[in-house]
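Here is the structure we will look at.
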Amino acid sequence: MRTRTVRRALAVAAGAACLLAAAPAPAQSTVHPRGVAPAQGAVRQQGTVPTPAAARDRGAADPARTPRGTYANPVSRDFADTFADPSVIRGDDGWWYAYGTSDPLREGEGTRHLLPVSRSRDLVRWTHVGDAFTEETMPSWADTAGGASLWAPDIRKVGREYRLYYVVTQTTVTGEPNDNAIGMATAPTPAGPWTDSGAPVVGPRRGSGGEGDFKWTFDPALAVDTDGAQYLVYGSYYGGVFITRLDATGRRAVGEPTMIAIDNRFEGGYLVRHDGYWYLFASSADCCAGPTTGYSVYAGRSRDITGPYLDRQGVPLNTSRAGGTIVIAPNGNRWVGTGHNAVLTDGTGQDWLLYHAIDRSDPYLDEPYGVNERPMLMDRLDWIDGWPTVRGGRWASEDPQPAPGRRDPHRGPAPDPVPGPVDRARSDDFDGTALRHGWSWVRSPQGELRDGALHWPTQAVELNRDDNTASVLLRDVPRGDWTAETRLTIDLGTDTVRNYQQAGLIAYAGDDLYTKLVHAAIWNTRQTEFGKETPYAGRIAYGGTIVGPPAETTWLRLVHRVDPRDGEHELRAATSRDGREWVHGGVWTLPAGADVRVGLISMGGAGATARFDYFRLYRR
């Protein structure tokens, strides 16, 4: 849980334009907003970047063997090992152009590209054609002495000019650190040359703390309403996601901004008009936790561009128990951290999601815990019953897929898993005076059975990295596939800060190797976090993804299957607000051969009580 609670140090990885859910607390540090200042130096301006011998694709699909008329992710492999926060446009010259966050493009390169630009004829084969800025042509109001970088570009054409919006991480506007803002540049062609407008479009916004405490004015995205009015979406975990109207030039915000997605839950907002609705796509959870990156994309929709945006279940995105219909999340294959998207439409009318992801077997650009390696991926975006989902709910692809411009016979929506019969010997209704046979404790027993439920106060201890002091209630599982379920009521309330009280299910193979699905208090929000902890490169990695919105009483499921290809344990999370309609979320994996047990936890800080009405284990 604590990996999602950076206290305004913004300390993740250099060049990342998406972050962990963070604290709305006063500044405690004045470090660079990603923890590591990007490298300074010369940047190639034209041509493709040579590929070091060590920088090669490690994917499941060999591009040399990809059948004609198909493609395989990542689509950025020909020019970049990492190309985060992609934005895309089709130019008047017929080429597609993509823009990414400032990072080195290749392993071992060591020199950042300031908003690198690539192009493609077919959306499959891409070439680096230059960078929007160099170290010498940075916006005049960027604080280069303070380590300013440029992140999260958004490209649009308005009238005859191309407009590129981006984050400037440190500015000269206030003379203080961390005063991030949104900039804009124009060009006559998608390849440039780019000219900065000379001042922020949305300037630094102060937080509640002292010097150097600024809300995260990140992730700009332009949208033009049906009446021609221009709007800019921006914001992140610290402060929330907002929409503001722009003047006709697109260079200045006018009027009062409106929050459309709550702080400490969403960032990377992007608007799409479809069938009479505006759809807000927004990313959530850890962008940059290496092999445990749970970053995912969620959606809400509104008839009005300024909201309110509601998910499929009618839950708003700007409330404490925030909604958000899953568009894409990790699905158990090589890709995790599937987020920060753009949407494009090919010549056949098919929509596509362009996004970045992390190969869990190769999560860092160079050394472990440095820059997260986030190549650019692309997959078909389907609209099912009025809601967007990638590949019918199958999400990120690692095998060859039909290329854009070719009609793909859709296979229909991915089926949701259905539990089999109850394994009564491994279930417990908690209706006696003692736990049924088969339960065991890691550390001291907790809670009590009364009124037909297990009442378990949240412990003032954790199960996070080196803090392995929480008690865990476990039981053995059968071989093969199974589903664990509980009904949880926990008095976390809403809106107030109750960090990090949580309770729910756990699939446990050790104190440093587990997945857990919990209803958790994360600053002012209440979320169903599906987390994973695992040893990696001499440390303990932790990250999480988010499932459906919780309620005071929330049903939780962990669906387990064994991957027949490699024996890995795949665990998929599902949540429900009524026990009938389920939201099926992302997948975490545990190693083949791990001794997995399943059970319950209640921890993260004293002050709440979890009531578990039952524990059921289904045979499938």
TODO: Start with the C-alpha distance between T483 and R620, add both sets of side-chain angles, then the distance that settles side-chain contact (heavy atoms from CB on, under 4.5 Å), and finish with yes or no.
DONE: CA-CA 6 Å; T483 297; R620 184 173 65 247; 5.9 Å; no
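- The backbone N or O of W588 sits nowhere less than 3.5 Å from a side-chain atom of E570 that would complete a donor-acceptor pair.
- Atom CZ of R380 is separated from atom CD of Q350 by 6.0 Å, given to the nearest 0.5 angstrom.
- Residue S208 holds its OG atom at 8.0 Å from NZ of K215, rounded to the nearest 0.5 Å.
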Open item on the list: Checking D304 against S302 for the side-chain hydrogen bond (donor to acceptor under 3.5 Å, both in side chains) test, could you report, in this order, the C-alpha distance in whole Å, the side-chain angles of both residues, the deciding distance, and whether it holds?
Closed with: CA-CA 5 Å; D304 192 324; S302 173; 5.7 Å; no
Open item on the list: Could you go through S320 and R526, starting from their C-alpha distance and side-chain angles, then the distance that decides it, and tell me whether this counts as side-chain hydrogen bond (donor to acceptor under 3.5 Å, both in side chains)?
Closed with: CA-CA 6 Å; S320 178; R526 304 297 180 261; 4.6 Å; no
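- At a threshold of 4.5 Å between non-hydrogen side-chain atoms, the residues N73 and D379 count as touching.
- Closest heavy-atom contact between A285 and G544: CB-O, 3.1 Å.
- Residues Y270 and D154 form a side-chain contact, since some pair of their non-hydrogen atoms from C-beta on lies under 4.5 Å apart.
- Distance alone, capped at 3.5 Å, is enough to place a donor-acceptor pair between the N333 side chain and the W335 backbone.
- Contact check on R334 versus E568 returns no salt bridge, with no Lys/Arg side-chain nitrogen under 4.0 Å from an Asp/Glu carboxylate oxygen.
- F266 approaches S284 most closely through the heavy-atom pair CD2-CB, 4.3 Å.
- Here the closest non-hydrogen pair linking A221 and G269 is CB-O, 3.3 Å.
- Nearest heavy-atom pair across P535 and I540 is CA-CD1, 3.9 Å.
- Ring to ring, H455 and F612 are not that close: their centroids are 6.0 angstrom or more apart.
- Interatomic distance, CH2 of W395 versus CD1 of I328, reported as 8.5 Å (0.5 Å rounding).
- One N or O on the side chain of D311 and one on the backbone of V315 form a donor-acceptor pair closer than 3.5 Å.
- In the displayed structure, R424 atom CZ is contacted under 6.0 Å by at most 12 heavy atoms of other residues, nucleotides or ligands.
- A salt bridge links R565 and E398; the closest N-O separation between the charged side-chain nitrogens and carboxylate oxygens is under 4.0 Å.
- Shown here for L488 and A610, the closest heavy-atom pair between the two residues is CD1-CB, 3.7 Å.
- The closest donor-acceptor contact from the side chain of E533 to the backbone of G531 lies at 3.5 Å or more, if one exists at all.
- Ring centroids of W523 and Y237 are separated by 6.0 Å or more, keeping the two rings apart.
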Open item on the list: Please determine whether side-chain hydrogen bond (donor to acceptor under 3.5 Å, both in side chains) holds for the pair R265 and T525, giving the CA-CA distance in whole Å, both sets of side-chain angles, and the decisive distance to 0.1 Å.
Closed with: CA-CA 7 Å; R265 171 65 202 273; T525 69; over 6 Å; no
- [ ] Go through the steps for I490 and T609 under the test side-chain contact (heavy atoms from CB on, under 4.5 Å), then give the verdict.
- [x] CA-CA 6 Å; I490 186 167; T609 297; over 6 Å; no
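- For E485 and R557, the salt-bridge test passes: some basic side-chain N is under 4.0 Å from an acidic carboxylate O.
- The residue from N341, N331, L377, V327 that alone fulfils the side-chain contact (heavy atoms from CB on, under 4.5 Å) condition with V390 is V327.
- A distance of 6.0 Å or more separates the ring centres of W151 and W216.
- Counting heavy atoms from C-beta on, the side chains of V559 and L571 never come closer than 4.5 Å.
- Aromatic pair W278/Y309: ring centres not closer than 6.0 Å.
- Side-chain atoms of R301 come within 3.5 Å of backbone N or O of G386 as a donor-acceptor pair.
- Paired with F615 under the rule ring pair (Phe, Tyr, Trp, His ring centres under 6.0 Å), one option of F430, W439, W456 passes, and it is W439.
- For the residue pair R487 and T554, no side-chain donor N or O sits within less than 3.5 Å of a side-chain acceptor on the partner.
- With respect to D595 and R597, no salt bridge is recorded, no charged nitrogen being found less than 4.0 Å from a carboxylate O.
- Stacking of R303 on the aromatic ring of Y277 is recorded, both the 6.0 Å distance cut-off and the 45° axial limit being met.
- Geometrically, R374 does not engage Y295 in a cation-pi contact defined by less than 6.0 Å to the ring centre and at most 45° from the axis.
- For D428 (side chain) and R436 (main-chain N/O), a donor-acceptor pair under 3.5 Å exists by modelled atom type.
- Between P478 and R426 the shortest side-chain heavy-atom distance falls below 4.5 Å.
- Look at R465 and D467 and you find no salt bridge, because none of the NZ, NE, NH1 or NH2 atoms lies under 4.0 Å from a carboxylate O.
- Remark: Y542 OH to T534 OG1 distance equals 12.5 Å, nearest 0.5 Å.
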Open item on the list: Does L590 form a side-chain contact (heavy atoms from CB on, under 4.5 Å) with Y514? I'd like the steps, not just the answer.
Closed with: CA-CA 7 Å; L590 296 175; Y514 62 81; 5.8 Å; no
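- Atom-to-atom distance recorded for R616:CZ and T486:OG1 is 9.0 Å, nearest 0.5 angstrom.
- Side-chain atoms of T338 and P330, non-hydrogen and from C-beta on, do get closer than 4.5 Å to each other.
- The ring-ring contact (aromatic ring centres under 6.0 Å, His included) pairs that include a residue from residues 545-583 are W482-H560, H560-H569, where partners are two or more places apart or lie in different chains.
- If you check the side chains of T258 and T306, you find no donor sitting under 3.5 Å from an acceptor.
- Side-chain atoms of W383 and T389, non-hydrogen and from C-beta on, never get closer than 4.5 Å to each other.
- Counted by atom type alone, T553 and T489 present one or more donor-acceptor pairs between their side chains at under 3.5 Å.
- Rounded to the nearest 0.5 Å, atoms CG (L271) and OH (Y279) are 12.5 Å apart.
- Judged by distance alone, the side chain of R572 and the main-chain N or O of G585 form a donor-acceptor pair under 3.5 Å.
- Distance alone, capped at 3.5 Å, is enough to place a donor-acceptor pair between the S283 side chain and the H340 backbone.
- The backbone N or O of S602 sits less than 3.5 Å from a side-chain atom of Q459, completing a donor-acceptor pair.
- Put simply, the side chain of F530 does not reach to within 4.5 Å of the side chain of T575, judged on heavy atoms.
- Within the 4.5 Å cutoff, no side-chain heavy atoms of K516 are placed close to those of Y508.
- Using a 4.0 Å cut-off between charged side-chain N and carboxylate O, R475 and D423 make no salt bridge.
- Side chain of T469 to main chain of V461: no donor-acceptor pair is present (N/O by atom type, distance under 3.5 Å, no hydrogens or angles).
- The two residues Y618 and G420 come nearest to each other via the heavy atoms CD2-O, 3.1 Å.
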